[in-house]
Structure formats: structure tokens, C-alpha cells
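All chains are named by letter (A, B, ...) in the order of the sequence lines, taking the proteins before the strands, and each is independently numbered beginning at 1.
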Number of protein chains: 2
Amino acid sequence: MQAINDAMSLLSGKWKFHILGTLIEGNTLGFMDLLREIDGIGTKMLSKELQDLEMNNLVSRTVMNTKPITVEYSITEYGKTLSSLIDELAKWGTAYRKSVYSENKK
Amino acid sequence: MQAINDAMSLLSGKWKFHILGTLIEGNTLGFMDLLREIDGIGTKMLSKELQDLEMNNLVSRTVMNTKPITVEYSITEYGKTLSSLIDELAKWGTAYRKSVYSENKK
DNA sequence: TTTAGTAGTTTCCTATAGGAAACTACTTTC
DNA sequence: GAAAGTAGTTTCCTATAGGAAACTACTAAA
């Protein structure tokens with residue numbers, strides 16, 4: 001059960017799963033891409049959470065030599081080990097949403 | 001990705017996964033059992049989180065006709081649909097912990 | 001030279017999550 | 001009748017998570 005603590009210490013917060021999920025399906029995205037794709041997140045949180053994820057080697061950050069400067073975020077090989085977990089979370093969430101919906105129809 | 005929001009709205013907080021994991025492996029436990037098994041949790045949080053989980057039909061609460069009164073908490077059938085998710089989370093956490101350990105040995 | 005795009009950082013604020021400790025209430029045992 | 005066990009609730013407090021808005025800094029296009 002301590003393992004759950006370890007996992008959640010990296011994945012806690014409102015946005016981590018979102019960011020990871022978006023990067024897993026989108027492969028590489030810029031800062032603005034993420035800001036647009038992740039509904040409701042602001043620049044401060046996105047920046048901070050990306051730093052967290054980068055520190056833990058779940059996400060890589062590459063500054064591109066372009067004008068204007070662009071930055072590419074992508075999921076690392078290590079980050080990909082979370083794919084099935086995030087898939088299951090999303091699947092469960094979908095099923096839950098459906099069950100609430102059918103409940104409300106009664 | 002909205003599905004992740006839905007899932008996390010039920011599972012957010014420091015203790016939900018712990019409680020669910022403990023109930024999945026322990027089957028039925030009393031309030032004091034949970035308090036003893038979940039390291040660090042206090043009565044207030046345990047009580048509040050159990051109420052949340054019960055409201056969402058993930059955990060069932062049964063008052064037993066004993067003296068002194070005892071209450072049995074157990075995972076519901078619906079709650080069991082989270083088993084594989086929690087398993088994977090724990091597995092991932094274990095692997096992560098091992099990788100940090102071997103990193104520190106270098 | 002002003003506008004718009006890139007990628008953030010900083011400041012200020014508030015809501016809430018969560019902890020510690022004390023308390024209720026009831027019963028049985030010592 | 002005091003202590004210890006059941007299962008919580010209540011109060012008080014603080015740390016932090018997270019949001020809004022303004023700001024930096026650089027470049028290209030208009």
C-alpha cells in the first residue's frame with residue numbers, strides 16, 4: 001500500500017493525468033498546444049506541472065532552434081509505462097459517466 | 001479526457017485509493033480496523049472519506065447488531081471494478097520505488 | 001511601431017484539504 | 001463507578017493547491 005503513496009506523490013494534483021494523457025495521444029506538443037488542448041488549465045499550472053513531470057522523467061522538454069522559439073514536450077519511454085494505467089482510468093471514468101447518465105434517466 | 005476528470009472527482013484526495021485498496025484485499029473491516037491498517041489516517045478523514053465512497057456506491061456500510069455496536073465496511077461489486085486500476089497503480093508505484101532505489105545506489 | 005505569436009514567471013488572492021485534539025454516546029468488563 | 005472498547009463528530013487551525021491577471025522577453029509580420 002506504500003506503493004500507492006509513491007505513485008500518487010508523482011501523479012497528484014488536478015492536471016498531471018490530463019497532461020500525461022494528452023501527451024500520450026498527441027506525441028509531441030508545444031506549450032501553447034497543451035494550453036489549448038487541456039481545457040481550463042492556465043499558464044502557471046501548466047508550466048509548474050510540466051516542470052514536475054520533467055523532473056520525474058515522465059515528460060521531456062526540448063527547446064527548438066526556431067524563430068520564434070518553440071518548445072516540444074513529449075512523453076518519455078518511462079512515461080509511457082503509465083499508458084495502461086491512464087487508459088484504464090479513462091475507461092473507468094467513461095463507464096462511470098454512462099452509469100450516472102442512465103441513472104438520471106430513470 | 002473528460003473521463004479522467006469524472007474518475008478523479010470520485011477518487012481525489014489523499015486517502016481514497018488507500019481505503020479502497022485496503023478494503024479490496026481485506027474484504028470486510030470495521031472502522032477501527034481501517035484506522036489501524038491505514039497508516040497515518042485520522043478519524044476525521046477516515047470517516048469523511050468513507051462517507052464519500054459510500055455515497056458513490058464504491059463502499060458499503062453495515063451496522064451490525066452487536067454490543068458494542070460494530071460497523072462493517074466492504075467494497076461493493078461496483079467498487080471492485082477499480083481493482084485492476086488500483087493493482088496497476090500499486091505495481092507502478094513499486095516499480096518506481098525500485099528504480100529510485102537503484103538510482104541512489106549508483 | 002504596433003500587433004501578434006512564441007514561452008513562460010510573478011504576484012496576489014482564496015478556497016479547501018487535511019491534521020490534532022477534544023468531545024459525544026453507548027456498553028461491557030474490571 | 002472507572003476504564004476501555006465500539007464509532008464517529010466537532011472545533012480550530014494551517015499549509016498549500018490552484019486561479020486570475022499582469023508582466024517579461026524575444027521575433028516576425030503588418
Side-chain angles (χ1 to χ4, degrees), chain A residues 1-2 4-5 7-23 26-56 58-75, chain B residues 1-2 4-5 7-23 26-56 58-75:
Chain A
M1 286 300 129
Q2 177 59 29
I4 288 179
N5 271 343
M8 291 317 278
S9 71
L10 300 195
L11 302 172
S12 66
K14 194 174 172 181
W15 300 110
K16 298 258 170 58
F17 282 114
H18 262 260
I19 295 172
L20 291 170
T22 306
L23 285 173
N27 225 16
T28 87
L29 295 166
F31 187 83
M32 286 299 153
D33 296 331
L34 286 165
L35 201 60
R36 277 185 287 261
E37 288 216 23
I38 302 173
D39 196 50
I41 199 169
T43 57
K44 193 189 78 170
M45 275 301 117
L46 180 54
S47 169
K48 191 213 140 213
E49 297 295 68
L50 283 169
Q51 281 170 28
D52 278 13
L53 294 169
E54 196 195 349
M55 260 195 294
N56 289 314
L58 296 172
V59 158
S60 72
R61 177 181 184 274
T62 313
V63 179
M64 304 305 283
N65 189 18
T66 54
K67 305 282 174 67
I69 193 176
T70 51
V71 178
E72 286 190 350
Y73 289 97
S74 45
I75 194 96
Chain B
M1 286 301 128
Q2 178 59 29
I4 288 177
N5 271 343
M8 292 316 279
S9 71
L10 301 194
L11 303 173
S12 65
K14 193 173 171 180
W15 300 109
K16 299 259 170 59
F17 282 113
H18 263 261
I19 295 172
L20 291 169
T22 306
L23 284 173
N27 225 15
T28 86
L29 295 167
F31 188 83
M32 285 298 153
D33 296 330
L34 286 165
L35 201 60
R36 276 184 287 262
E37 287 215 23
I38 302 173
D39 195 49
I41 200 168
T43 56
K44 191 190 78 170
M45 276 301 116
L46 180 55
S47 169
K48 191 213 139 212
E49 297 295 67
L50 283 170
Q51 281 172 27
D52 278 12
L53 294 170
E54 196 196 349
M55 260 195 294
N56 289 314
L58 296 172
V59 159
S60 72
R61 177 180 183 275
T62 313
V63 179
M64 304 306 281
N65 189 18
T66 54
K67 304 283 174 66
I69 193 176
T70 50
V71 177
E72 286 190 351
Y73 288 97
S74 45
I75 194 96

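- Whole-Å rounding puts the B:L50 CG to D:dT6 P distance at 16 Å.
- Note: CG (B:N65) to P (D:dT6) measures 17 Å, nearest angstrom.
- Taking NZ of B:K48 as the reference point, atom OG1 of B:T43 lies at 13.5 Å (rounded to 0.5 Å).
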What does the B/S/- profile of nucleotides 13-30 of chain D look like, 5' to 3', with a 4.0 Å heavy-atom cutoff to protein?
-----BBB------SS--

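- Between B:R36 and B:S47, the residue anchored closer to the 5' end of DNA chain D is B:R36, taking for each the nucleotide with the nearest heavy atom.
- Following rounding to the nearest Å, B:L46 (CG) and D:dT9 (C1') show an atom-to-atom distance of 13 Å.
- The line from CH2 of B:W15 to CD1 of B:I38 is 7.5 Å long, rounded to the nearest 0.5 Å.
- With no hydrogens or angles considered, a side-chain donor-acceptor pair links A:H18 and B:N5 at under 3.5 Å.
- In this structure, CZ on B:F17 lies 11.5 Å from CE on A:M1, to the nearest 0.5 angstrom.
- Listed pair B:Q51 / D:dT9 meets the phosphate criterion, a side-chain N or O lying under 4.0 Å from OP1 or OP2.
- In this structure a side-chain-to-backbone donor-acceptor pair under 3.5 Å is missing from A:D52 to A:E49.
- Rounded to whole Å, atom C1' of C:dG8 lies 17 Å from atom CG of A:L29.
- The OH-P distance, from A:Y73 to C:dT6, rounds to 14 Å in whole Å.
- Taking the screw axis at each terminus of the helix from C:dT1-D:dA30 to C:dC30-D:dG1 from five consecutive base pairs, the angle between the two is 20° to within rounding of 10 degrees.
- Rounding to the nearest 0.5 Å places CE of A:M8 at 9.0 Å from OG of B:S12.
- Put simply, CG on B:D33 is 11 Å from C1' on D:dT6, counting in whole angstrom units.
- Judged by distance alone, the side chains of B:T70 and B:T66 do bring a donor and an acceptor atom under 3.5 Å apart.
- As a whole-Å value, the separation of B:L34 CG from D:dG5 C1' is 17 Å.
- Summarising the geometry, the separation between CG on A:L53 and C1' on C:dG8 is reported as 16 Å, rounded to the nearest angstrom.
- Of all heavy-atom pairs between A:S74 and A:T28, the closest is CB-CG2, 3.6 Å.
- Rounding to the nearest 0.5 Å places CD1 of B:I75 at 6.5 Å from CG of B:L58.
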